[in-house]
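Below is one structure; the comments refer to it alone.
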Amino acid sequence: MDVNLLMRENVQNLAPYSSARSLNIGADLVLLDANENPFDVYGRYPDPSQRSLRMALSDYYSVDFDRVLAGNGSDELIDLLFRAFTEPGSSNVVVPQPTYGMYDVASSLQNCNVRKVLLNDDFSLNVDRLLAATDGETKMIFLCSPNNPSGNEFLTVEIEKLLRSFNGLVVIDQAYVDFSSGTLWRNRISEFSNLVVLQTFSKAWGMAALRVGFMFADPQVIDVLVRIKLPYNLNEVTQRLVLERLQNSSVVDFRTKVVKEERSLLRTALQKMKMVNQVYWSEANFVLVKFFNSNLVFNRLIDRGIVVRNRSEEPLCENALRISIGKPTENRLLIRVLEELDAELNQNVKLEV
Ligand SMILES: *Cc1c(COP(=O)(O)O)cnc(C)c1O
(Lines give C-alpha, C1' and ligand atoms only; values in the text may rest on other atoms or scores of the structure.)
Protein backbone atom coordinates (compact mmCIF):
# COMPACT_ATOMS: atom_id res chain seq x y z
CA MET A 1 0.00 0.00 0.00
CA ASP A 2 1.37 3.41 -1.00
CA VAL A 3 0.28 6.02 1.53
CA ASN A 4 0.99 8.84 -0.93
CA LEU A 5 -1.39 7.38 -3.50
CA LEU A 6 -4.08 7.01 -0.87
CA MET A 7 -3.86 10.62 0.30
CA ARG A 8 -6.30 13.38 -0.61
CA GLU A 9 -4.65 15.40 -3.40
CA ASN A 10 -4.52 18.79 -1.67
CA VAL A 11 -3.17 17.13 1.49
CA GLN A 12 -0.16 15.81 -0.45
CA ASN A 13 0.87 19.40 -1.19
CA LEU A 14 -0.27 20.99 2.05
CA ALA A 15 2.24 23.12 3.94
CA PRO A 16 1.32 22.64 7.60
CA TYR A 17 0.86 25.60 9.95
CA SER A 18 4.25 26.14 11.46
CA SER A 19 3.72 26.84 15.10
CA ALA A 20 6.09 29.10 16.98
CA ARG A 21 7.02 26.30 19.34
CA SER A 22 8.45 23.43 17.32
CA LEU A 23 11.66 23.03 19.32
CA ASN A 24 11.85 21.15 22.58
CA ILE A 25 11.22 23.49 25.51
CA GLY A 26 14.24 23.38 27.81
CA ALA A 27 13.85 24.64 31.35
CA ASP A 28 16.31 27.51 30.92
CA LEU A 29 15.09 29.02 27.68
CA VAL A 30 13.74 32.55 27.50
CA LEU A 31 10.57 32.06 25.48
CA LEU A 32 9.67 35.18 23.53
CA ASP A 33 8.48 33.49 20.35
CA ALA A 34 4.76 32.79 20.81
CA ASN A 35 3.13 35.94 22.24
CA GLU A 36 2.24 34.05 25.41
CA ASN A 37 1.57 35.35 28.89
CA PRO A 38 4.74 34.64 30.90
CA PHE A 39 3.08 35.01 34.32
CA ASP A 40 0.57 32.14 34.36
CA VAL A 41 1.06 28.39 34.90
CA TYR A 42 -1.27 27.81 31.95
CA GLY A 43 0.35 30.60 29.94
CA ARG A 44 2.29 28.37 27.51
CA TYR A 45 0.97 26.58 24.44
CA PRO A 46 1.12 22.79 24.64
CA ASP A 47 3.61 20.85 22.55
CA PRO A 48 2.06 20.39 19.07
CA SER A 49 3.96 17.15 18.51
CA GLN A 50 2.84 15.72 21.88
CA ARG A 51 6.34 14.40 22.60
CA SER A 52 5.90 13.50 26.29
CA LEU A 53 2.54 11.88 25.80
CA ARG A 54 3.54 9.93 22.69
CA MET A 55 6.73 8.84 24.43
CA ALA A 56 4.70 7.60 27.41
CA LEU A 57 2.25 5.76 25.15
CA SER A 58 5.12 4.29 23.19
CA ASP A 59 6.70 3.01 26.44
CA TYR A 60 3.48 1.78 27.99
CA TYR A 61 2.35 -0.15 24.92
CA SER A 62 5.82 -1.05 23.58
CA VAL A 63 5.15 0.48 20.17
CA ASP A 64 7.64 2.77 18.35
CA PHE A 65 7.22 6.49 19.00
CA ASP A 66 6.70 7.27 15.32
CA ARG A 67 3.80 4.82 15.16
CA VAL A 68 1.75 6.56 17.89
CA LEU A 69 -0.44 9.67 17.89
CA ALA A 70 -3.02 11.08 20.33
CA GLY A 71 -6.17 12.95 19.42
CA ASN A 72 -8.96 14.92 21.07
CA GLY A 73 -10.89 11.71 21.56
CA SER A 74 -10.65 8.90 19.00
CA ASP A 75 -13.46 10.79 17.31
CA GLU A 76 -10.92 13.43 16.25
CA LEU A 77 -8.63 10.73 14.86
CA ILE A 78 -11.52 9.22 12.88
CA ASP A 79 -12.28 12.69 11.49
CA LEU A 80 -8.60 13.23 10.58
CA LEU A 81 -8.46 9.91 8.71
CA PHE A 82 -11.33 11.06 6.50
CA ARG A 83 -9.73 14.47 5.90
CA ALA A 84 -6.40 12.88 5.01
CA PHE A 85 -7.42 9.94 2.88
CA THR A 86 -10.78 10.55 1.19
CA GLU A 87 -11.48 12.80 -1.78
CA PRO A 88 -14.82 14.61 -1.27
CA GLY A 89 -17.43 13.43 -3.73
CA SER A 90 -15.51 10.51 -5.19
CA SER A 91 -14.06 8.25 -2.44
CA ASN A 92 -15.94 5.64 -0.45
CA VAL A 93 -15.39 3.63 2.71
CA VAL A 94 -16.82 0.25 3.70
CA VAL A 95 -18.45 -0.06 7.12
CA PRO A 96 -20.10 -3.20 8.57
CA GLN A 97 -23.53 -2.79 10.18
CA PRO A 98 -24.52 -2.45 12.94
CA THR A 99 -21.62 -0.52 14.43
CA TYR A 100 -20.46 2.73 16.03
CA GLY A 101 -22.20 5.69 14.37
CA MET A 102 -19.23 8.06 14.21
CA TYR A 103 -17.68 6.55 11.05
CA ASP A 104 -20.85 7.41 9.16
CA VAL A 105 -20.98 10.96 10.54
CA ALA A 106 -17.30 11.72 9.90
CA SER A 107 -17.62 10.29 6.40
CA SER A 108 -20.74 12.26 5.50
CA LEU A 109 -19.09 15.44 6.73
CA GLN A 110 -16.33 14.95 4.14
CA ASN A 111 -18.87 14.03 1.46
CA CYS A 112 -17.45 10.52 1.31
CA ASN A 113 -19.75 7.66 0.39
CA VAL A 114 -20.37 5.01 3.07
CA ARG A 115 -20.96 1.49 1.78
CA LYS A 116 -22.81 -0.32 4.53
CA VAL A 117 -22.40 -4.07 4.65
CA LEU A 118 -24.43 -6.23 7.01
CA LEU A 119 -22.66 -8.43 9.51
CA ASN A 120 -23.85 -12.04 9.70
CA ASP A 121 -26.86 -12.75 11.95
CA ASP A 122 -24.53 -13.66 14.83
CA PHE A 123 -22.66 -10.34 14.31
CA SER A 124 -19.60 -12.07 12.86
CA LEU A 125 -17.78 -10.53 9.89
CA ASN A 126 -18.66 -11.46 6.36
CA VAL A 127 -15.27 -10.91 4.72
CA ASP A 128 -16.37 -11.86 1.21
CA ARG A 129 -19.29 -9.45 1.36
CA LEU A 130 -17.00 -6.68 2.65
CA LEU A 131 -14.42 -7.24 -0.08
CA ALA A 132 -17.14 -7.40 -2.74
CA ALA A 133 -18.28 -3.94 -1.63
CA THR A 134 -14.85 -2.40 -2.29
CA ASP A 135 -13.67 -0.88 -5.56
CA GLY A 136 -10.82 1.35 -6.78
CA GLU A 137 -12.26 4.32 -4.86
CA THR A 138 -12.49 2.53 -1.51
CA LYS A 139 -9.98 4.16 0.84
CA MET A 140 -10.78 2.55 4.20
CA ILE A 141 -12.63 -0.33 5.84
CA PHE A 142 -13.74 0.35 9.43
CA LEU A 143 -13.90 -2.56 11.88
CA CYS A 144 -14.96 -2.02 15.45
CA SER A 145 -13.65 -4.94 17.53
CA PRO A 146 -15.02 -5.58 20.13
CA ASN A 147 -17.98 -4.24 18.17
CA ASN A 148 -20.33 -1.59 19.49
CA PRO A 149 -23.25 -2.39 19.99
CA SER A 150 -22.97 -6.19 19.69
CA GLY A 151 -20.00 -6.68 22.06
CA ASN A 152 -18.32 -9.48 20.12
CA GLU A 153 -14.84 -9.57 18.70
CA PHE A 154 -14.17 -10.39 15.05
CA LEU A 155 -12.04 -13.43 14.23
CA THR A 156 -8.33 -12.70 13.86
CA VAL A 157 -7.95 -14.82 10.71
CA GLU A 158 -10.77 -12.93 9.02
CA ILE A 159 -9.28 -9.53 9.79
CA GLU A 160 -5.91 -10.82 8.58
CA LYS A 161 -7.53 -11.82 5.34
CA LEU A 162 -8.93 -8.29 4.93
CA LEU A 163 -5.55 -6.72 5.73
CA ARG A 164 -3.90 -8.86 3.07
CA SER A 165 -6.58 -8.53 0.37
CA PHE A 166 -7.54 -4.88 0.64
CA ASN A 167 -5.34 -2.17 -0.87
CA GLY A 168 -6.36 0.64 1.49
CA LEU A 169 -6.45 1.26 5.23
CA VAL A 170 -8.10 -1.23 7.56
CA VAL A 171 -9.03 0.77 10.66
CA ILE A 172 -9.65 -1.38 13.73
CA ASP A 173 -11.37 0.58 16.48
CA GLN A 174 -10.41 -1.12 19.75
CA ALA A 175 -12.14 1.31 22.12
CA TYR A 176 -13.16 -1.67 24.29
CA VAL A 177 -9.96 -3.69 24.03
CA ASP A 178 -9.21 -3.31 27.76
CA PHE A 179 -12.28 -5.40 28.61
CA SER A 180 -11.55 -8.12 26.08
CA SER A 181 -9.42 -11.22 26.02
CA GLY A 182 -8.89 -11.13 22.26
CA THR A 183 -6.30 -9.89 19.79
CA LEU A 184 -4.26 -6.79 20.63
CA TRP A 185 -3.97 -5.40 17.14
CA ARG A 186 -1.51 -2.69 18.25
CA ASN A 187 1.08 -5.46 18.65
CA ARG A 188 0.82 -6.24 14.95
CA ILE A 189 1.19 -2.72 13.66
CA SER A 190 4.63 -3.26 12.09
CA GLU A 191 3.40 -6.34 10.23
CA PHE A 192 0.81 -4.51 8.10
CA SER A 193 1.46 -1.06 6.63
CA ASN A 194 -2.29 -0.62 6.03
CA LEU A 195 -3.34 -1.37 9.63
CA VAL A 196 -4.61 1.50 11.79
CA VAL A 197 -5.58 0.76 15.41
CA LEU A 198 -7.65 3.16 17.51
CA GLN A 199 -7.87 3.10 21.30
CA THR A 200 -9.22 5.56 23.81
CA PHE A 201 -8.94 6.81 27.38
CA SER A 202 -12.72 7.26 27.44
CA LYS A 203 -13.80 3.77 28.53
CA ALA A 204 -11.69 1.52 30.79
CA TRP A 205 -9.33 4.41 31.58
CA GLY A 206 -12.20 6.49 32.95
CA MET A 207 -11.27 9.79 31.28
CA ALA A 208 -14.12 10.42 28.81
CA ALA A 209 -14.51 13.99 30.04
CA LEU A 210 -10.90 14.80 29.12
CA ARG A 211 -11.20 13.68 25.47
CA VAL A 212 -8.16 11.62 24.60
CA GLY A 213 -7.95 8.87 22.03
CA PHE A 214 -4.85 7.42 20.44
CA MET A 215 -3.80 5.69 17.29
CA PHE A 216 -1.21 3.14 16.25
CA ALA A 217 -0.30 3.11 12.56
CA ASP A 218 2.47 3.07 9.99
CA PRO A 219 4.83 6.06 10.47
CA GLN A 220 3.77 7.46 7.09
CA VAL A 221 0.12 7.49 8.15
CA ILE A 222 0.98 9.12 11.49
CA ASP A 223 3.07 11.70 9.67
CA VAL A 224 0.18 12.77 7.43
CA LEU A 225 -2.16 13.19 10.40
CA VAL A 226 0.44 15.19 12.34
CA ARG A 227 0.65 17.54 9.34
CA ILE A 228 -3.10 18.13 9.06
CA LYS A 229 -4.23 18.15 12.70
CA LEU A 230 -4.80 21.41 14.55
CA PRO A 231 -1.41 22.17 16.15
CA TYR A 232 -2.72 22.31 19.73
CA ASN A 233 -5.36 19.60 19.54
CA LEU A 234 -4.63 18.30 23.03
CA ASN A 235 -4.56 20.74 25.91
CA GLU A 236 -1.76 20.71 28.45
CA VAL A 237 -3.88 19.84 31.49
CA THR A 238 -5.34 16.80 29.75
CA GLN A 239 -1.91 15.63 28.61
CA ARG A 240 -0.59 15.84 32.16
CA LEU A 241 -3.55 13.99 33.65
CA VAL A 242 -3.16 11.21 31.11
CA LEU A 243 0.56 10.93 31.89
CA GLU A 244 -0.31 10.60 35.58
CA ARG A 245 -2.90 7.93 34.94
CA LEU A 246 -0.46 5.95 32.79
CA GLN A 247 1.84 5.86 35.81
CA ASN A 248 -0.97 4.73 38.11
CA SER A 249 -2.60 2.17 35.88
CA SER A 250 -3.24 -0.37 38.66
CA VAL A 251 -6.48 1.44 39.55
CA VAL A 252 -7.60 0.94 35.95
CA ASP A 253 -6.75 -2.76 36.09
CA PHE A 254 -8.72 -3.16 39.31
CA ARG A 255 -11.81 -1.36 38.01
CA THR A 256 -11.68 -3.29 34.74
CA LYS A 257 -11.64 -6.54 36.70
CA VAL A 258 -14.75 -5.41 38.62
CA VAL A 259 -16.53 -4.47 35.38
CA LYS A 260 -15.81 -7.90 33.91
CA GLU A 261 -17.13 -9.66 37.03
CA GLU A 262 -20.24 -7.48 36.99
CA ARG A 263 -20.71 -8.18 33.28
CA SER A 264 -20.75 -11.88 33.95
CA LEU A 265 -23.17 -11.46 36.85
CA LEU A 266 -25.56 -9.36 34.75
CA ARG A 267 -25.48 -11.84 31.87
CA THR A 268 -26.29 -14.72 34.21
CA ALA A 269 -29.21 -12.82 35.77
CA LEU A 270 -30.59 -11.84 32.35
CA GLN A 271 -30.37 -15.37 31.00
CA LYS A 272 -32.76 -16.55 33.74
CA MET A 273 -35.50 -14.08 32.75
CA LYS A 274 -38.39 -15.30 30.60
CA MET A 275 -38.85 -11.91 28.92
CA VAL A 276 -35.31 -12.17 27.56
CA ASN A 277 -34.87 -13.71 24.13
CA GLN A 278 -31.06 -13.64 23.86
CA VAL A 279 -28.10 -12.31 25.81
CA TYR A 280 -25.11 -11.76 23.56
CA TRP A 281 -21.55 -12.60 24.52
CA SER A 282 -19.60 -9.46 25.35
CA GLU A 283 -15.92 -8.57 25.31
CA ALA A 284 -16.79 -4.96 26.24
CA ASN A 285 -18.24 -2.99 29.18
CA PHE A 286 -21.80 -3.41 27.95
CA VAL A 287 -24.16 -6.23 27.09
CA LEU A 288 -26.53 -6.40 24.12
CA VAL A 289 -29.80 -8.09 25.05
CA LYS A 290 -32.74 -9.07 22.87
CA PHE A 291 -36.09 -9.05 24.66
CA PHE A 292 -39.46 -10.21 23.37
CA ASN A 293 -40.67 -6.64 23.83
CA SER A 294 -37.80 -4.19 24.21
CA ASN A 295 -39.98 -1.06 24.33
CA LEU A 296 -41.85 -2.39 27.35
CA VAL A 297 -38.55 -3.03 29.14
CA PHE A 298 -37.04 0.27 28.06
CA ASN A 299 -40.02 2.26 29.33
CA ARG A 300 -40.12 0.45 32.64
CA LEU A 301 -36.45 1.20 33.18
CA ILE A 302 -37.00 4.87 32.35
CA ASP A 303 -39.90 4.94 34.83
CA ARG A 304 -37.48 3.75 37.49
CA GLY A 305 -34.83 6.28 36.51
CA ILE A 306 -32.53 3.87 34.66
CA VAL A 307 -31.36 4.84 31.18
CA VAL A 308 -30.10 2.21 28.75
CA ARG A 309 -29.51 2.49 25.00
CA ASN A 310 -32.36 1.38 22.78
CA ARG A 311 -30.76 -0.16 19.69
CA SER A 312 -33.90 -1.81 18.35
CA GLU A 313 -33.93 0.36 15.22
CA GLU A 314 -30.43 -0.77 14.18
CA PRO A 315 -29.99 -3.51 11.58
CA LEU A 316 -29.99 -7.05 13.10
CA CYS A 317 -30.90 -5.49 16.47
CA GLU A 318 -34.68 -5.88 16.60
CA ASN A 319 -35.90 -5.67 20.22
CA ALA A 320 -32.35 -5.11 21.44
CA LEU A 321 -31.18 -2.91 24.30
CA ARG A 322 -27.54 -2.14 24.98
CA ILE A 323 -26.85 -2.00 28.69
CA SER A 324 -23.61 -0.49 30.03
CA ILE A 325 -22.06 -2.04 33.12
CA GLY A 326 -22.38 0.44 35.99
CA LYS A 327 -21.26 0.42 39.61
CA PRO A 328 -22.17 -2.77 41.51
CA THR A 329 -25.03 -0.98 43.34
CA GLU A 330 -26.40 0.33 40.05
CA ASN A 331 -26.24 -3.11 38.47
CA ARG A 332 -28.06 -4.66 41.47
CA LEU A 333 -30.81 -2.06 41.12
CA LEU A 334 -31.08 -2.74 37.38
CA ILE A 335 -31.35 -6.49 37.96
CA ARG A 336 -33.99 -6.01 40.67
CA VAL A 337 -36.15 -3.79 38.45
CA LEU A 338 -35.84 -6.23 35.55
CA GLU A 339 -36.64 -9.27 37.74
CA GLU A 340 -39.71 -7.49 39.07
CA LEU A 341 -40.98 -6.81 35.56
CA ASP A 342 -40.20 -10.37 34.52
CA ALA A 343 -42.21 -11.73 37.47
CA GLU A 344 -45.14 -9.44 36.66
CA LEU A 345 -45.18 -10.56 33.04
CA ASN A 346 -45.14 -14.23 34.10
CA GLN A 347 -47.95 -13.60 36.54
CA ASN A 348 -50.06 -12.09 33.76
CA VAL A 349 -49.45 -15.03 31.49
CA LYS A 350 -50.57 -17.43 34.23
CA LEU A 351 -53.67 -15.37 34.95
CA GLU A 352 -54.63 -15.46 31.28
CA VAL A 353 -54.37 -19.27 31.30
C1 LIG B 1 -16.90 5.09 22.98
C2 LIG B 1 -16.27 4.77 21.69
C3 LIG B 1 -15.17 5.49 21.23
C4 LIG B 1 -14.60 6.59 22.07
O5 LIG B 1 -14.46 7.75 21.40
P6 LIG B 1 -13.67 8.95 22.13
O7 LIG B 1 -13.81 10.03 21.14
O8 LIG B 1 -12.25 8.47 22.30
O9 LIG B 1 -14.34 9.21 23.43
C10 LIG B 1 -14.58 5.14 20.04
N11 LIG B 1 -15.05 4.10 19.32
C12 LIG B 1 -16.09 3.37 19.73
C13 LIG B 1 -16.54 2.22 18.95
C14 LIG B 1 -16.75 3.70 20.92
O15 LIG B 1 -17.81 2.97 21.31
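Values below: all heavy atoms of this structure, side chains included; hydrogens, waters and symmetry mates excluded. Counting starts at 1 for both ligands and their atoms, following the listed order. What you see is a predicted model, and the numbers here were worked out from it, not measured in a lab.
With no hydrogens or angles considered, no side-chain donor-acceptor pair links Asn233 and Asn72 at under 3.5 Å. At a cut-off of 3.5 Å, with distance as the only test, a side-chain donor of Asp135 or Thr138 sits close to an acceptor on the other residue. Checking Arg211 against Asn235 by side-chain atom types alone, no donor-acceptor pair falls below 3.5 Å.
Ring-plane geometry between Tyr280 and Phe123 is classed as perpendicular, the angle between the planes exceeding 60 degrees on a 0 to 90 degree scale with a lower cut at 30.
Side-chain contact check for Phe82 versus Met140: some heavy-atom pair is nearer than 4.5 Å.
With Arg8 contributing its side chain and Thr86 its backbone, the two residues share a donor-acceptor pair below 3.5 Å.
For ligand 1, the protein residues within 4.0 angstrom (heavy atoms only) are Gly73, Ser74, Asp75, Tyr100, Tyr103, Cys144, Asn148, Asp173, Ala175, Tyr176, Thr200, Ser202, Lys203, Arg211.
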